[in-house]
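Here the structure is laid out as structure tokens; the discussion comes afterwards.
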Amino acid sequence: MKLTQLLTLAVALTVVNARAVLNRQEKNPNNDNSIYPSPNANGGKAWSEAFKKAEDIVSQMSIEEKASLITSHEGRCVGTSPGVERLGIPQLCLMDGPTGPRPMKGVSQYPAGQTAAATWDKELIYERSKQMGQEFFDQGVHIALAPVASGPLGRSPLGGRNWEGSYPDPYANGVYSYLSVLGLQDSNVAATIKHWIGYEQETARHPYRTESTSDQNSIDSIIDDVTTHEVYMHPFAEAVRAGSAHVMCSYNRLNGTQACNNAYTQNHLLKTELNFQGSIISDWGGVHDSVDSALNGLDFSAPGVGFNGSMGTFWGELAELVNNGSVPEERLTDSAIRVLTPYFHFGQDSENIPPEVVFNGNSYFDAENVYKNVRADNTAELIRRLGSESATLLKNTGGLPLKNPEQIFALGSDLGDNALGVDGCGDAGTSCPEGNFNGTLTDAGGSGYAYAPYIITPLDALKQRTINGNIRLSYALTHDDELINEVAPSADATLVFINNWAQENRDRDDLQITIEQSNMLDAAVNASSNVIVVLHTPAVIDIEKWADNENVTAIVEAYLPGQESGNAIIPLLFGDENFSGKLPYTWGKTLDDYPPNGIVRDNDQSPQVEFTEGLFVDYKWFDKQEIEPRYEFGFGLSYTNFEFSDISVVDNYKEDDKEVQATNEPFEGFEEGKSLYDVIKTVTATVSNTGDVDGSEVAQLYVSIPGDEQPIRQLRGFEKVKNLKSGDSQEVSFDLRLKDLSVWDVTRQMWILPSGEYTFHVGNSSRNLPLSVTSTQ
């Protein structure tokens, strides 16, 4: 569809869409494919040759072959397209997940996406994804069900899957999504960005016939047009620009319509406005109706007729539905082309054929599970670096670095190994036996979990360090007041390791740690004047009881660091390396600091969650409400000090040179050859290391966009200045694209550049911004 046609259609439908959102009509236009028809793919900017191959091969298929190709079947993989053998199309293997191939062994357990985000290091984010992609490919996977973008974004700190994603900021999340798609696909495995769209809670997500025997509908995310475009679509737009092969639709409803049946979000927003050329794959159990999903934009049904029918057998009758006229064959043809185009683009039919699958990744398939090791020699060091460069120093009043201690006392179950080893909690990390000693937390649970080949625990690394350093190490893996009172007073430092669990299918109830961990930390603080707290958590926890205690001399957030956990954190504690991680979210003092209505737990037949905070997610909410967080977004300390100086802003037009596929987003002043992603301004500043220790700093750019409804500041750039020596300085440069300074106009249905004064702020967190400069547009 031409841009002029898109604009005409969008303006004409603005009132219709607004009425659908506000009035919740029984006949929801979001589910009307006559208003929002599914556009046929054309290959876009990057896939023209692959598209022609796919178009040619699909033209030779029967209706039954096309229907079978786009419906998942039983197989060794969590999702299996049976292919079309007579035309040389093999079975296509789809596998989880965002921290590594799952549920197979012989692969690595990478740090969680949120952990990688905490590095704020674009090169590391890309490299993590690339090496992970190679492991998918080497195991025979065609389509990786990763990465996670704005689904969830993380609007509530209680979200059970926030750790799978990255930042609750759409700009930063977009950077992460773009780099993660590039990395995976540079290893010739197809990426699946997920979950589209408005998927922000586990409670009441209710995929078809799973997790619940009730008739309750999926949670309905009620999101206005501006918030949809400026917050939740933004990371997906960046993933499309990176050339993401596939997009996974989510479990929830959006504005009254099931996400995988939603013509407005799939046909209009994704395939028309973002010009997405790949296929939309359902989440497993996300299909609730065969006809509606097919007509309204879904391209691949999962698990289709697999999983022994436990999630229905949607699209099992797809050929019949085409033959009886319920679904046009053109829709079937377009879906098959969209599934196969990336297959040809990545050369999976020729020079980049994935090896044969030997694992058993589907518990419903009774076959021998063959072990195959695909880990590269340098992967462990990459994982260690990710863990090290993400670790965030939240407090330090002199406890760190540890300087020539003679005796260390370490506490906590998070110190040690799982009593049943790395396999003890099953292939989703959620099957730990009752009362099991689960040990240190390196990953969280669900389809985002990956088996670790081994885990270097904090205790493992501490033992090695104390042996080499001639230090006496005492430790306790369980809480014992008597031992703490006996050992802690004489130790030079008491290290307390705390963790907190999260998983798919269940949102966290609160921000509290377990009673045993709380009591242990109380005892340590009462017995020692030098307590260092190390946290392995998937999100914010309540530390208000201890954060200001003078006996707590340091607090470190180490997130979910993967298999090299101990090797990543212990060198930092001893000062062998410097902290450089920054919080990828805002750390509030209480749950009440965050927007209300974050997780809705209603037992209604059709539960709804109103995204009433709109654009004001995470730090933007704290700024608007003038709430003082415990630690702000982007915050993190170092063993050295940094200063910022010499800010400037200039008009600096540069054509976008980063898109793989072009979106079709409408914007004011559109001219042929111009892009919403062209650079229009550049901000520069200088970062200086004024301390005595070499270190890395994350320079962050925030912009105040004119307009009464705009957030006070919004992140619009970040650069990690690496290994800056004591006394040295480095200039950083932030390119600002047209979209970075634009807002979504509901009436005109396009991006517009507001007139007025823009203020550009530079510093090292959302609330430490010593530099500012203005520019009038």
Side-chain angles (χ1 to χ4, degrees), residues 6-7 10 14 17-18 21 149-156 165-178 193 196-200 221-241 254-255 264-265 268-270 272-274 276 585-586 595 609-624 633 663-669 675-677 680 701-717 736-756 758-759 766 777:
L6 173 64
L7 291 174
T14 299
N17 184 48
V21 174
S150 172
L153 181 87
R155 66 181 288 262
S156 169
S166 55
Y167 310 86
D169 175 84
Y171 174 87
N173 197 310
V175 172
Y176 172 90
S177 300
Y178 176 92
I193 198 77
W196 176 264
I197 186 175
Y199 176 50
E200 292 295 319
S221 299
I222 310 300
I223 315 177
D224 66 76
D225 193 31
V226 170
T227 303
T228 298
H229 280 83
E230 294 193 25
V231 178
Y232 296 98
M233 278 179 67
H234 187 105
F236 286 99
E238 294 291 355
V240 169
R241 292 183 66 244
L254 185 81
N255 296 332
Y264 175 70
T265 61
H268 178 65
L269 293 182
L270 184 57
T272 302
E273 200 167 292
L274 296 187
F276 176 59
Y585 46 73
T586 298
V609 53
E610 300 270 357
F611 286 42
T612 53
E613 74 282 354
L615 305 180
F616 298 92
V617 178
D618 199 73
Y619 68 90
K620 299 166 193 174
W621 172 265
F622 281 74
D623 289 347
K624 179 183 180 182
F633 177 77
T663 72
N664 202 24
E665 297 163 89
F667 62 94
E668 184 179 45
S675 168
L676 184 60
Y677 296 89
I680 60 172
L701 169 70
Y702 294 79
V703 179
S704 299
I705 296 175
D708 293 338
E709 303 301 319
Q710 289 301 306
I712 295 173
R713 288 175 294 274
Q714 303 184 63
L715 183 73
R716 287 297 184 264
L736 288 154
R737 305 165 301 178
L738 177 60
K739 188 176 183 181
D740 297 332
L741 302 179
S742 297
V743 300
W744 181 255
D745 188 298
V746 174
T747 303
R748 300 170 67 187
Q749 286 290 287
M750 64 172 63
W751 292 94
I752 66 168
L753 192 64
S755 299
Y758 290 74
T759 304
S766 65
Q777 188 64 39

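These figures come from a predicted structure and were not determined experimentally.
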**Fill in**
Sorted by chain and number, sequence neighbours left out, side-chain hydrogen bond (donor to acceptor under 3.5 Å, both in side chains) with E610 holds for none
**Item:** Shortest non-hydrogen contact between Y171 and L715, atoms and distance
**Value:** CB-O, 3.3 Å
**Prompt:** Between Q777 and Y758, is there a donor-acceptor pair closer than 3.5 Å when you use the side chain of the first and the backbone of the second?
**Reply:** no
**Item:** Minimum heavy-atom distance P170-K620, with the two atoms named
**Value:** CD-NZ, 3.6 Å
**Asked** Can you name the one residue among R737, R241, K739 that meets salt bridge (charged side-chain N to carboxylate O under 4.0 Å, His left out) with E665?
**Response** K739
**Complete:** Tested for ring-ring contact (aromatic ring centres under 6.0 Å, His included) against W196, the lone hit among Y232, F236, Y264 is F236
**Message:** Show, in sequence, the C-alpha distance, side-chain angles and deciding distance for V703 and L736, and conclude whether the side chain to side chain contact (heavy atoms under 4.5 Å, CB included) test is met.
**Reply:** CA-CA 10 Å; V703 179; L736 288 154; 4.2 Å; yes
**Asked** Can a donor-acceptor pair be found between the side chains of Y619 and D169 at a distance below 3.5 Å?
**Response** yes
**Request:** For P711 and F616, work out which heavy atoms get closest and say how close.
**Result:** CA-CE2, 3.5 Å
**Prompt:** So, S221 side chain and G198 main chain: donor-acceptor pair closer than 3.5 Å or not?
**Reply:** yes
**Message:** Between T265 and L270, is there a side-chain heavy-atom distance shorter than 4.5 Å?
**Reply:** no
**Asked** Considering only heavy atoms from C-beta outward, does the side chain of V743 approach that of E230 to under 4.5 Å?
**Response** yes
**Request:** Kindly indicate whether the side chain of L153, heavy atoms from C-beta on, has any atom under 4.5 Å from the side chain of V231.
**Result:** yes
**Request:** Supply the atom-to-atom distance L741 CG to Q714 CD, rounded to the nearest 0.5 angstrom.
**Result:** 10.0 Å
**Item:** Step-by-step side chain to side chain contact (heavy atoms under 4.5 Å, CB included) determination, I197 to I223
**Value:** CA-CA 10 Å; I197 186 175; I223 315 177; 5.9 Å; no
**Message:** Donor-acceptor check, side chain of N173 to backbone of Y167, threshold 3.5 angstrom: yes or no?
**Reply:** yes
**Request:** Any chance you could measure I752, atom CD1, to W744, atom CH2, to the nearest 0.5 Å?
**Result:** 10.5 Å
**Prompt:** To the nearest 0.5 Å, what is the distance between OG1 (T227) and CZ (F611)?
**Reply:** 9.5 Å
**Prompt:** Can any side-chain N or O of Q749 pair as donor or acceptor with the backbone N or O of V746 at less than 3.5 Å?
**Reply:** yes
**Asked** Donor-acceptor pair, Q710 side chain versus I705 backbone, under 3.5 Å?
**Response** no
**Asked** What's the shortest heavy-atom distance between D623 and I712, and which atoms?
**Response** O-CD1, 3.4 Å
**Item:** Spacing of T759 atom OG1 and Y702 atom OH [to the nearest 0.5 Å]
**Value:** 15.5 Å
**Request:** Verify, without hydrogens or angle tests, whether E200 (side chain) and S156 (backbone) share a donor-acceptor contact under 3.5 angstrom.
**Result:** no
**Asked** What are the two closest non-hydrogen atoms of L738 and S675, and how far apart are they?
**Response** CD2-O, 4.3 Å
**Prompt:** Do any N or O atoms from the side chain of S766 and from the backbone of F633 form a donor-acceptor pair under 3.5 angstrom?
**Reply:** yes
**Asked** What is the minimum heavy-atom distance between S177 and I193, and which atoms define it?
**Response** CB-CD1, 4.1 Å
**Asked** Hey, are the side chains of R155 and P168 touching, using non-hydrogen atoms and a 4.5 Å cut-off?
**Response** no
**Message:** Could you walk me through whether L274 and L269 satisfy the side chain to side chain contact (heavy atoms under 4.5 Å, CB included) test, starting with their C-alpha distance in whole Å, then the side-chain angles of each, then the deciding distance to 0.1 Å, before giving a yes or no?
**Reply:** CA-CA 6 Å; L274 296 187; L269 293 182; 6.0 Å; no
